[in-house]
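These notes concern the structure reproduced below.
For the numbers below, each heavy atom of this structure counts, side chains included, while hydrogens, waters and symmetry mates do not. Counting starts at 1 for both ligands and their atoms, in listed order.
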Amino acid sequence: MWQKAKKWLLIGMSITSIFALAACGSNTSSQQGGVGLSEEEAVDSSLWKDKYPLQYASYLKNKEGGMTEFGGSDKVPKADTEPEIKKLFAGYGFSKDYNEDRGHVYAVEDVTSTKRLKPNTPATCMTCKSTQVPLFYKKLGEDGYYNTLFSDIAKQTKHSIGCSDCHDPKTNELRVTRPAFIEAMKRRGIDVTKATRQEMRSYVCGQCHVEYYFDKGKVLTFPWDNGFGVDDIEKYYDAKQGFKDWEHPDSKAPMRKVQHPEFEWWITGTHGTAGVACADCHMPYMRDASGEKYSSHWWTSPLKTLEQSCTKCHTQGTDWLKQKVHDIQSRTWELQTIASKEIAKAHDQIKLALATPGADQNLIAQAQRKVVQAQWRWDWIAAENSRGFHNPDMALNTLGKAILMAKETQELAQQAMAKGQKAQPVKPAQ
Ligand code: HEC
Ligand code: HEC
Ligand code: HEC
Ligand code: HEC
């Protein structure tokens, strides 16, 4: 009993001390102050190097590759490990080109080379990729930026995600530079300018690592009006009559794609609700050879830095932590792959029903609605990059529902066909 209490006491104490530690970081950053660059100069992260060599050196590590069991930093196709992806996204760009995410320094290169681009792709797709975007907003106005073609904006873009995306060059304070985050939080009654320092350690990430859509085909919008949950956001899109990202060529269902909802999974998950920030795990404190402390700016899998990322709060040791992450991720993966297979079958069954003369159209329409709901739920886990870790119980709960809905879709399609096949033999006799 005492052992257990003592363990939580220790965790409690370490959490207090990490927040105290974090506070020291703030002094450091404000003492060091701004970097003395204009907004135009500050988009080039290499110009921050002289003033902040430690942070800059760790930033360069974002070039490193290397995979972990379920994540990692190499540009490998997601369909290599989950082949159903090709089928689930048939008729949509994600069936042609959909890779594991990698370091921030590659963002511009990867977005400009993806086969998902079309001649009419709007500039909006550049929003989370380059330090230059806030300047484009300033120069062109929000409307002007969204009305520019991606191909035109790409010609002027050369700097990938960097210092000025999250830091004010005058003061070095953390800042949010993307209007979609500020506006969506405002609609939830949250004023981002009043955020605490600990909140900012996640908000800077939440401006890009989120679910979003292009309102009116181009205005970047975060669908958080009803909340951050899977059902809340589904309801948001349901209220937009006829909303779809594409039509599936087999089932003819009006599909929706989930983006990369790390912020939403995190904020509703164990660590998010306990006040543990993205930066606590993904930007742990490091020491250089001389013992000077700095925040790691190598945004990568925390499995590569378990010691620094986790053991300040968890006293069980890195082997235990590694095992826990493995357990969560492998259980998630097991259900995720069952779900994708069942959803693929569901599309096939609807296709068969559509090809069956006399099949019940009402039941087919119900099946088409259900397959959208099933795939939406699977995609919340498939598109999120932590393979369940940011919110383990919601991930399993959501996948459980996805599998059930896929099975229900198959049954509806079979019932629709059964009616058709029953009706058919009667026809010639008439
Ligand atoms: C409690 C620690 C923790 C917190 C807090 C946390 N993460 Fe993670 N994150 C992880 C772990 C563990 C993984 C899984 C890494 C793997 O599979 O290799 C991960 C994976 C990721 C990945 C994919 C990395 C890869 O290798 O492809 C991204 C992106 C990510 N997190 C972003 C975020 C963002 C954004 C936030 C805040 C909104 C956040 N994380 C909060 C621990 C954390
Ligand atoms: C994705 C957001 C993001 C980007 C990009 C970014 N930083 Fe940071 N930076 C942070 C966060 C979060 C902290 C922790 C701040 C805190 O706790 O107050 C931080 C802290 C710092 C600090 C304070 C001292 C320390 O190490 O904690 C310095 C200096 C700094 N960053 C420099 C840089 C430089 C130089 C670059 C570009 C090479 C950069 N940052 C890019 C988010 C970012
Ligand atoms: C300006 C938008 C933006 C901001 C701000 C941002 N990210 Fe990212 N992040 C991206 C994009 C885009 C990628 C994928 C790049 C690629 O694959 O080319 C990415 C990739 C990652 C990865 C995967 C790296 C890998 O090696 O697989 C991690 C981890 C990550 N970000 C964490 C964070 C954290 C933590 C923060 C906040 C401190 C943050 N990001 C802030 C846009 C952003
Ligand atoms: C700033 C403190 C802090 C950091 C850093 C932190 N954790 Fe946690 N962790 C917590 C708290 C608080 C809980 C919730 C404990 C409880 O149940 O009350 C938790 C819960 C967990 C759980 C239980 C499963 C769950 O999500 O419900 C696991 C596993 C875990 N953490 C792993 C990790 C790993 C791995 C890392 C590093 C990548 C990490 N944590 C970093 C504070 C932290």
Within less than 4.0 angstrom of ligand 1, does Ala277 place any heavy atom?
yes
Gln329 near ligand 1, heavy-atom distance under 4.0 Å?
yes
Where ligand 3 meets Ala107 - atom numbers and elements under 4.0 angstrom, heavy-atom basis:
18 (O)
Would you say Cys281 reaches atom 8 (Fe) of ligand 1 with an N/O/S atom under 2.8 Å?
no
Does any N or O of ligand 1 fall below 3.5 Å from an N or O anywhere on Glu262, backbone included?
no
Classify the contact between Ser386 and ligand 1 as side chain, backbone, both or neither, using a heavy-atom distance cut-off of under 4.0 Å.
both
Is any N or O atom of His209, backbone or side chain, closer than 3.5 Å to an N or O atom of ligand 3?
yes
If you apply the rule side chain to side chain donor-acceptor pair (under 3.5 Å), what do you find for Thr127 with Tyr145, and how did you get there?
CA-CA 10 Å; Thr127 311; Tyr145 169 70; 3.1 Å; yes
If we number the atoms of ligand 3 from 1 as shown, the ones under 4.0 Å from a heavy atom of Tyr106 are 18 (O)
For atom 43 (C) of ligand 3, which protein heavy atom lies nearest, and how many Å away is it?
Cys208 CB, 3.4 Å
Nearest option to atom 38 (C) of ligand 2, as decided by whichever heavy atom of Ala57, Pro53, Cys163 sits closest:
Cys163
Distance-only N or O hit between ligand 1 and Ser202, under 3.5 Å
no
Report yes or no: does a heavy atom of Gly72 sit under 4.0 Å from some atom of ligand 3?
yes
Leu303 to ligand 1, any heavy atom closer than 4.0 Å:
yes
Could you tell me whether His104 and ligand 3 have an N or O pair separated by under 3.5 Å?
yes
Backbone or side chain, does any N or O of Ser73 fall under 3.5 Å from an N or O of ligand 3?
yes
Report the nearest protein non-hydrogen atom to atom 42 (C) of ligand 3: residue, atom name, distance rounded to 0.1 Å.
Ile161 CD1, 3.2 Å
State, without any angle test, whether Lys158 and Thr131 hold a side-chain donor-acceptor pair at a distance under 3.5 Å.
no
Looking only at protein heavy atoms, which one is nearest to atom 15 (C) of ligand 1, and what is the separation?
Ser301 OG, 3.2 Å
One residue to check: Lys51. Relative to ligand 2, which of side chain, backbone, both or neither has a non-hydrogen atom less than 4.0 Å away?
neither
Measure Leu174 to ligand 2 on non-hydrogen atoms and call it side chain, backbone, both or neither using the 4.0 Å cut-off.
side chain
Please report which non-hydrogen protein atom sits nearest to atom 34 (C) of ligand 3, along with the residue it belongs to and the distance in Å to one decimal place.
Cys205 SG, 3.4 Å
For atom 5 (C) of ligand 3, what's the nearest protein heavy-atom neighbour? Residue, atom name and distance, please.
Val204 O, 3.2 Å
Compare Glu64, Arg102, Gln207, Lys61 and give the one whose heavy atom is closest to atom 14 (C) of ligand 3.
Arg102
Specify side chain, backbone, both or neither for Asn172, according to which of its non-hydrogen atoms lie closer than 4.0 Å to ligand 2.
side chain
In terms of residue, atom name and distance, what is the protein heavy atom nearest to atom 37 (C) of ligand 1?
Cys278 SG, 1.8 Å
Is the Tyr285-Tyr294 ring centre distance short of 6.0 angstrom?
no
Atoms in ligand 2 with a heavy atom of Cys166 nearer than 4.0 Å:
1 (C), 2 (C), 3 (C), 4 (C), 5 (C), 42 (C), 43 (C)
For NE2 in His297 and NE2 in His167, the angle at atom 8 (Fe) of ligand 2 (nearest 10°) is 180°
Taking both backbone and side chain into account, is any N, O or S atom of His390 nearer than 2.8 Å to atom 8 (Fe) of ligand 1?
yes
Backbone or side-chain N or O of Gln55 under 3.5 Å from ligand 2 N or O:
yes
Face-on cation placement of Lys218 at Tyr146 ring, 6.0 Å and 45° thresholds:
no
Check: Cys128 N/O within less than 3.5 Å of ligand 3 N/O
no
Show the atoms of ligand 3 that are less than 4.0 angstrom away from any heavy atom in Thr300.
26 (O), 29 (C)
How close does the nearest protein non-hydrogen atom get to atom 23 (C) of ligand 3, and which residue and atom is it?
Asp101 OD2, 3.4 Å
Do any nitrogen or oxygen atoms of Glu100 come within less than 3.5 Å of a nitrogen or oxygen of ligand 3?
no
When you measure from atom 18 (O) of ligand 3 to every protein heavy atom, which one gives the shortest distance, and what is it?
Asp110 OD2, 2.6 Å
State plainly whether the residues Asp250 and Lys87 are in salt-bridge range, i.e. N to O under 4.0 Å.
yes
Near Tyr294 (heavy-atom distance under 4.0 Å), the atoms of ligand 2 are 26 (O)
Which residue from Arg175, Met283, Met200 reaches closest to atom 10 (C) of ligand 2 through any of its heavy atoms?
Met283
Shortest heavy-atom approach to atom 12 (C) of ligand 3 - which of Arg201, Lys129, Arg178:
Lys129
Nearest protein heavy atom to atom 24 (C) of ligand 1, by residue and atom, and its distance?
Asn385 O, 4.2 Å
Among the N, O or S atoms of His282, the one nearest atom 8 (Fe) of ligand 1:
NE2
Between Thr177 and Gln207, do the side chains contain an N or O donor and an N or O acceptor separated by less than 3.5 Å?
yes
Arg197 heavy atoms within 4.0 Å reach ligand 2 at atoms 16 (C), 17 (O), 18 (O)
Do the non-hydrogen side-chain atoms of Trp224 and Ile233 ever get within less than 4.5 Å of each other?
yes
